[in-house]
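Encoded as structure tokens, the structure appears first; notes follow it.
The first residue in the sequence is number 1, and the count goes up from there. Just follow the structure's listing: the first ligand is 1, and inside any ligand the first atom is 1.
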Amino acid sequence: MEHHQKWTRPEPLWREDMALPTFETLKEDSATEVVVVGGGITGITTAYLLAKEGKQVTLLEADQLLNGTTGHTTAKVTAQHGLIYHEIMKHFGEEEAALYYQAQMTALQKVEELINKYEIDCDWTKEDAYLFATTNIGAQKLEKEYEAYQTLGIEGELGETLPFSIETTRSLSMKNQARFHPLKYLSALVEEFTKLGGEIYEHTKATDVQEKDKVEVMTGDGFTVACEKVISCSHFPFYDGKGLYFSRMYAERSYLLAIEPEKEVPEGMYLSVDEPKRSIRTAHYNGTPLLLIGGESHKTGQGVDTSFHYNALEEFAAETFGIKKKLFQWSAQDLTTLDKVPYIGPITRNNDRVFIATGFRKWGMTNGTLAAQLICDYVTGEDSLFHELFKPTRFKSDPSMKHFLSQNFDVATHLVEGKLELVSDRPKHLKKGEGMVVQWKGERAGAYRDEEGKLHVLDTTCTHMGCEVEWNSAEHTWDCPCHGSRFSFNGSVVEGPAEQPLMKIAIQDKNDAPIQNAGDDYDENQESF
Ligand code: FES
């Protein structure tokens, strides 16, 4: 079959054929007990659990429910979060590593309990999860990880081969993990939440919090929701509250394909520990077994030509399994904290009204459910074994400082290098559907020509803290390498921490009517499109 042919628009498998409920936009000031911001697995589960505890809960979603990271996941429900246990043992200690595992398994059991309780038909399948190595160094890492499993009492086996044609040096299984269809599961929880009297508003962007006598959540349309507690379950915290979260996490993009393979589909969930990382799991679509092949992570805004990543996954899929049919492709953005353990808890020390849950790396299904459980305990005043380990205000100097310095060095480098970068491309070089950084009147600018041939030109200075955004050719977005903000081709915010859109540059396309604010600074002799 021919590869690298253009796929259709990036679309995750999970949204296909799903009739998700829709909700009104908030159009007036209101009041409630708890506001939950973010309609992914964390927000929906938190809202549901709190409503179950008798709380009056309002959930605000900036876009549509389940259209963010949760809608773009690999949906592995597992405590095998790559190579993590040896590392946590080393940096936090044995007790903390054991707690991390216990916390993830508690979350997995919670998902299973809810599926059973409401008889949710969501393709829930118990399977073993596997890490695999293709190099000797990778094999040594797996041996160390296995030692950690043994110390912590994690049920797993060290092996050598996998049930498909990749030459491996080692594999490490974790028993009794699971996979499911996340949107089928969560749409059932949405239904239960609304039955309990919970309110949901879509297309309602929470933009700020005022901490007065009551807490007030402000929306982009100028309304407020007064409440006692607010929980930020948006991917990047929508409100920083002096927690400086943008400097304590970094964003990575990764890519996924759903294919119908030529070879038989192996049971189990697989993840490589060597580079380039590859994630493999099965799924079903209209009764046909599919493979989800993921990988190609890179820091947001540093992926160069992002289509390259889909092509690399496609090559791998074709070589390993054969491709009968290519069905879906999509990408996801994940946030990682400085010590790889999520931030779940009070936004700043002793704040008992604003809570956050973020930084799940790529493991949002268990971490998101866990966050919902931990935050529910905070709100209802229950103690939890796990609160301390996940507290956002923890400070572990060793790994944190090293990553903190390199992350901020990265940011400083982008701030300086981005500004100095010499660009020679002009907007006239752009074909329909193409975007690139161009030179506009001697300055760096971002240009995109849409499918109708209209040109959109933006100032590439990120409105968060001034780094230079880069074009993401696979997603048609402008991505910031510093803290992961993303903007659409017309500059609107797709993902924070930025809150303001990129500035439009007023130009006039000589092939067309004025595009934006038809600029009087347009000089046809100087620039041509
Ligand atoms: Fe922070 Fe762009 S996201 S500078």
Which residues share a salt bridge (charged side-chain N to carboxylate O under 4.0 Å, His left out) with R486, sequence neighbours left out: D479, E495
Cut-off under 2.8 Å, centre atom 1 (Fe) of ligand 1, protein N/O/S atoms: H464 ND1, H483 ND1
Between F193 and Y48, ring centroids under 6.0 Å: no
K391: salt bridge (charged side-chain N to carboxylate O under 4.0 Å, His left out) partners, not counting sequence neighbours: E388
Contacts of T369 that satisfy side chain to side chain contact (heavy atoms under 4.5 Å, CB included) - sequence neighbours left out: I41, T45, A107, K110, V111, Q373
Separation of SG atoms, C462 and C480, below 2.5 Å: no
Over-ring placement of R281 relative to Y270, 6.0 Å and 45° cut-offs: no
